[in-house]
Participant: 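Pasting in a structure now, in structure tokens, and then I'll have a few things to ask.
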Amino acid sequence: MAKAPVLTPQSEDFPRWYQDVVAKAELADNGPVRGTMVIRPYAWALWEHMQAAVDRRIKAAGAENAYFPLFIPESYLRREAQHVEGFSPELAVVTHAGGKELEEPIVVRPTSETVIGEYMAKWIQSYRDLPLLLNQWANVVRWELRPRVFLRTTEFLWQEGHTAHATAEDASAYALRILHDVYADFMETQLAMPVLRGRKTRRERFAGAVNTLTCEAMMGDGKSLQMGTSHELGQNFAKAFDIVYSDDAGQQQHAWTTSWGASTRMVGGLIMCHGDDAGLRVPPAVAPIQVVVLLIRDEGDARAEAQRIAGALTDRGVRVRLDDRVDTGFGRRAVDWELKGVPVRVEVGPRDLAEGNVTVARRDQPDKATLPLAAVVDHAAAALDEVQAGLFARALAHRESRSADVKTVEEAVEAARTGFARIPYAALGEEGENRLASDAITVRCLQRPDGSVPDADDEPDLVAWVGRSY
RNA sequence: CGGGGAGUGGCGCAGCGGUAGCGCACAGCCUUUGGGUGGCUGAGGUCGUGGGUUCAAAUCCCACCUCCCCGACCA
């Protein structure tokens with residue numbers, strides 16, 4: 001031990017630590033065009049597991065997957081005033097193609113409300129066609145001013161759900177359902193990340209929405225990350241794109257739409273929520289490798305035992321990697337798997353084996369356990385659940401230790417230096433929100449006193465969660 | 001766009017007028033293998049770009065470009 005640290009310690013420089021982890025755990029590289037990224041196989045595998053878990057929940061909520069084009073006529077964006085105002089500055093626009101200047105510029109989608117709205121209008125005629133529940137997995141492009149790998153890249157991958165409903169109540173209930181049953185449930189049970197579920201203030205709302213709901217998570221440095229959002233679009237897009245239907249009385253009505261998205265940003269959130277000075281810590285539910293069986297030395301029957309253990313775990317449905325690269329030193333390999341955050345490591349070597357034992361290390365705890373050979377497979381499999389629960393508990397405790405109840409705006413500014421401040425929304429208001437903005441602090445979300453999601457900004461006794469964010 | 005910082009082998013850096021270096025990583029050999037083992041050998045760089053000063057520029061001067069960090073924007 002006690003070599004030079006592999007990573008910049010978090011306490012010394014958190015952003016640097018983040019970049020170190022991304023590089024050393026072989027997660028991503030910067031792309032050649034500013035703000036773009038190359039997702040390397042390990043991070044891609046992680047994303048695939050996240051994607052699958054989110055996709056299952058989306059389907060369970062009744063939405064169907066479809067795919068809409070990358071290119072959108074520029075004129076579409078202009079149809080909804082707030083929307084175009086919000087997105088214009090960050091659009092990538094194609095003006096030339098096929099060797100000629102285009103008659104109408106084409107926008108590379110920053111999000112797809114507009115194209116999807118256009119097609120919803122074609123497909124919806126009757127109240128019997130509603131609700132129409134669509135989702136797509138896609139890449140989108142936003143020319144952000146300050147890119148950061150995974151957190152804010154020029155091109156990113158996400159799912160975007162788009163739905164149309166007959167009534168405001170139905171749309172509203174569905175947006176809330178997505179927030180709870182798809183996003184928050186996924187983040188808490190799979191990513192082991194506790195999230196605040198709440199309502200955005202007018203200032204923080206999505207361009208073109210009448211209401212934005214959010215899941216906010218606290219990172220290791222006390223800053224907040226918006227992990228996913230669900231918007232009620234009212235009839236704004238329905239009016240802009242003529243999404244109309246005949247109700248059961250034969251009257252023409254505009255539909256009520258929603259949209260909701262979660263992106264590769266979640267990978268960054270997972271890194272910054274769970275990571276420590278030794279690297280990443282991946283929750284078992286989404287870990288590409290859940291257990292690594294590390295052959296320490298290839299002597300006696302060590303290799304055979306390692307293979308047997310790996311095989312037995314695989315048979316149990318555990319995602320296992322056998323690391324038998326004995327030409328690389330043990331220490332190096334142990335450090336490498338810690339960097340990559342593999343939840344459970346089984347170390348098999350002749351010394352332990354002579355006594356009928358192997359060693360098991362959990363990534364969420366510093367010490368190791370020595371176990372009899374016969375107990376290893378059960379123990380390792382059970383440890384996965386313990387690590388999953390342990391990471392969640394630690395993240396929740398961290399958030400709670402860095403959240404403070406305050407009464408005044410100035411106290412909120414102070415508390416936001418290290419974490420979240422909870423302040424009565426009445427004590428803040430839009431003026432207080434502007435005051436916070438001058439210190440780069442924002443209202444992350446509004447909640448009712450019991451933690452539930454408000455129906456409106458002007459409900460009495462709302463609590464504002466205030467903090468710095470990524 | 002405002003404020004800081006930096007551009008030198010893949011990565012991290014030193015050198016700051018006199019023939020391009022170090023650490024890590026990489027390749028080969030030996031040694032080691034239970035927490036980044038040690039040694040020898042080797043490969044790899046038009047010193048961000050353009051111009052200027054000088055006998056001589058990575059080094060000094062001018063201009064430009066790019067990247068990173070802090071903010072405004074944001075999944």
Side-chain angles (χ1 to χ4, degrees), chain A residues 1-8 13-16 18-20 23-24 29-30 32-35 85-91 110-112 138-161 183 200 203-207 212 214-217 223-231 259-269 278-279 294-299 302 324-339 345 347-355 357-359 361 366 368 370 437-442 468-470:
Chain A
M1 281 290 254
K3 285 270 178 177
V6 180
L7 303 170
T8 305
D13 185 344
F14 197 84
R16 183 71 184 269
Y18 178 77
Q19 295 192 125
D20 284 358
K24 297 244 170 99
D29 253 329
N30 286 314
V33 172
R34 176 188 157 75
E85 191 185 320
F87 280 106
S88 285
E90 51 193 70
L91 293 180
T111 177
S112 305
N139 57 340
V140 289
V141 167
R142 299 180 186 177
W143 220 260
E144 299 288 356
L145 297 173
R146 205 178 136 215
R148 309 190 69 182
V149 179
F150 289 118
L151 301 175
R152 201 185 305 101
T153 45
T154 297
E155 176 190 7
F156 59 92
L157 306 181
W158 74 346
Q159 59 65 219
E160 49 178 323
Y183 295 150
K200 286 291 188 186
R203 186 193 178 92
E204 299 288 318
R205 214 173 265 164
F206 176 75
T212 290
T214 181
C215 288
E216 299 279 328
K223 289 169 84 168
S224 186
L225 185 72
Q226 183 172 303
M227 294 278 289
T229 47
S230 183
H231 315 288
S259 69
W260 24 281
S263 71
T264 37
R265 164 179 280 189
M266 291 190 291
V267 177
L294 197 159
L295 175 61
I296 298 169
R297 298 176 58 170
D298 191 4
E299 282 177 20
D324 59 357
R325 301 169 297 163
V326 286
D327 57 341
T328 300
F330 166 80
R332 175 169 297 272
R333 290 183 290 147
V335 166
D336 194 48
W337 293 118
E338 279 169 359
L339 265 171
R345 190 171 71 244
E347 300 173 355
V348 183
R351 198 172 74 196
D352 281 341
L353 232 36
E355 330 224 310
N357 293 329
V358 296
T359 299
K368 304 183 193 182
T370 302
S438 64
D439 275 316
I441 298 164
T442 49
R468 293 168 303 148
S469 75
Y470 278 96

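Quick caveat: nothing in here was measured; it's all calculated off a predicted structure. Letters A, B, ... are given to chains in the order of the sequence lines, protein chains preceding strands, and every chain is numbered from 1.
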Participant: Report the residues that fulfil ring pair (Phe, Tyr, Trp, His ring centres under 6.0 Å) with A:Phe206, sequence neighbours left out, ordered by chain and then residue number.
Facilitator: A:His83, A:Phe87, A:His231

Participant: Output the single nucleotide from B:G34, B:C74, B:A72 whose closest atom is nearest the side chain of A:Leu145.
Facilitator: B:A72

Participant: Select one nucleotide: of B:C73, B:U33, B:A75, the one nearest the side-chain heavy atoms of A:Phe330.
Facilitator: B:U33

Participant: Could you work out, with salt bridge (Lys or Arg N to Asp or Glu O under 4.0 Å) as the rule, every residue matching A:Arg205, not counting sequence neighbours?
Facilitator: A:Asp457

Participant: By nearest atom, which of the nucleotides B:G35, B:G12, B:A72 is closest to the A:Ala440 side chain?
Facilitator: B:A72

Participant: When the P atoms of B:G18 and B:G34 are considered, how many whole Å apart are they?
Facilitator: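 The same atom, P, in both gives a distance of 46 Å.
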
Participant: Using the P atom on both, measure B:A75 against B:G23 and round to a whole Å.
Facilitator: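 These two P atoms come out 48 Å apart once rounded.
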
Participant: Counting only side-chain heavy atoms from C-beta out, which of B:G34, B:G71, B:A75 sits nearest to A:Arg351?
Facilitator: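 Within the option list, the nearest is B:G34.
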
Participant: Write down the distance between CE (A:Met266) and P (B:A75), rounded to a whole number of angstrom.
Facilitator: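 In whole Å, B:A75 P lies 14 Å from A:Met266 CE.
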
Participant: Is it the case that B:C74 (base atoms only) and A:Arg152 (side chain only) share a donor and an acceptor within less than 3.5 Å, ignoring hydrogens and angles?
Facilitator: yes

Participant: If you only use heavy atoms from C-beta on, which nucleotide in B:A75, B:C69, B:G35 is closest to the side chain of A:Val335?
Facilitator: B:G35

Participant: Taking atom C1' in both B:U54 and B:G45, what distance in whole Å separates the two?
Facilitator: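 Roughly 25 Å separates the two C1' atoms.
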
Participant: Looking only at the side chain of A:Asp352 (C-beta and beyond, no hydrogens), which of the listed nucleotides B:G35, B:G34, B:A75 gets closest?
Facilitator: B:G34

Participant: If you check the A:Phe156 side chain, which of B:C74, B:A75, B:C69 turns out closest?
Facilitator: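 Given the options B:C74, B:A75, B:C69, the side chain of A:Phe156 is closest to B:A75.
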
Participant: Taking atom C1' in both B:C69 and B:C64, what distance in whole Å separates the two?
Facilitator: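 That atom pair is separated by 22 Å.
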
Participant: When the C1' atoms of B:G35 and B:C60 are considered, how many whole Å apart are they?
Facilitator: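 Nearest-Å result for B:G35 against B:C60 at atom C1': 50 Å.
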
Participant: Treat a base pair as Watson-Crick or G-U wobble with both distances under 3.5 Å, then lay out RNA chain B in dot-bracket form, 5' to 3', with | for cross-strand pairs.
Facilitator: ((((((((.[[[[.)..(..]]]].(((((.......))))).....[[[[[..)....]]]]])))))))....

Participant: Just compare B:A75, B:G34, B:G35 and give me whichever is closest to any side-chain atom of A:Arg265.
Facilitator: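 The closest nucleotide is B:A75.
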
Participant: RNA chain B: A:Glu144 or A:Thr328, which has the more 5' nearest nucleotide?
Facilitator: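 By nearest-heavy-atom nucleotide position, the 5'-most residue is A:Thr328.
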
Participant: Which atoms of nucleotides 23-29 of chain B (N or O only) lie under 3.5 Å from a protein N or O atom, and what are those distances?
Facilitator:
unit_1, atom_1, unit_2, atom_2, d
B:A25, OP1, A:Arg332, NH2, 2.8

Participant: Do the side chain of A:Arg468 and the base of B:G71 come within less than 3.5 angstrom through a donor-acceptor pair of N or O atoms?
Facilitator: no

Participant: Could you state the OH-P distance from A:Tyr470 to B:A75, rounded to the nearest angstrom?
Facilitator: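 Atom OH in A:Tyr470 sits about 17 Å away from atom P in B:A75.
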
Participant: Is there side-chain contact between A:Phe330 and A:Leu294, with heavy atoms separated by less than 4.5 Å?
Facilitator: yes

Participant: Got a donor-acceptor pair under 3.5 Å from the side chain of A:Lys24 to the base of B:G36?
Facilitator: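 In this structure, the two groups form no donor-acceptor pair.
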
Participant: Kindly write out the residues that satisfy salt bridge (Lys or Arg N to Asp or Glu O under 4.0 Å) with A:Asp298, not counting sequence neighbours, or none if the list is empty.
Facilitator: A:Arg303

Participant: Would you kindly compare A:Gln19 and A:His231 by the position of their nearest RNA chain B nucleotide and give the one closer to the 5′ end?
Facilitator: A:Gln19

Participant: Ring pair (Phe, Tyr, Trp, His ring centres under 6.0 Å) with A:Trp337: which residues, sequence neighbours excluded?
Facilitator: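 With neighbours one apart ignored, the set is empty.
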
Participant: In this structure, how many angstroms lie between the P atom of B:C74 and the CG atom of A:Leu91, rounded?
Facilitator: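 In whole Å, B:C74 P and A:Leu91 CG are 13 Å from each other.
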
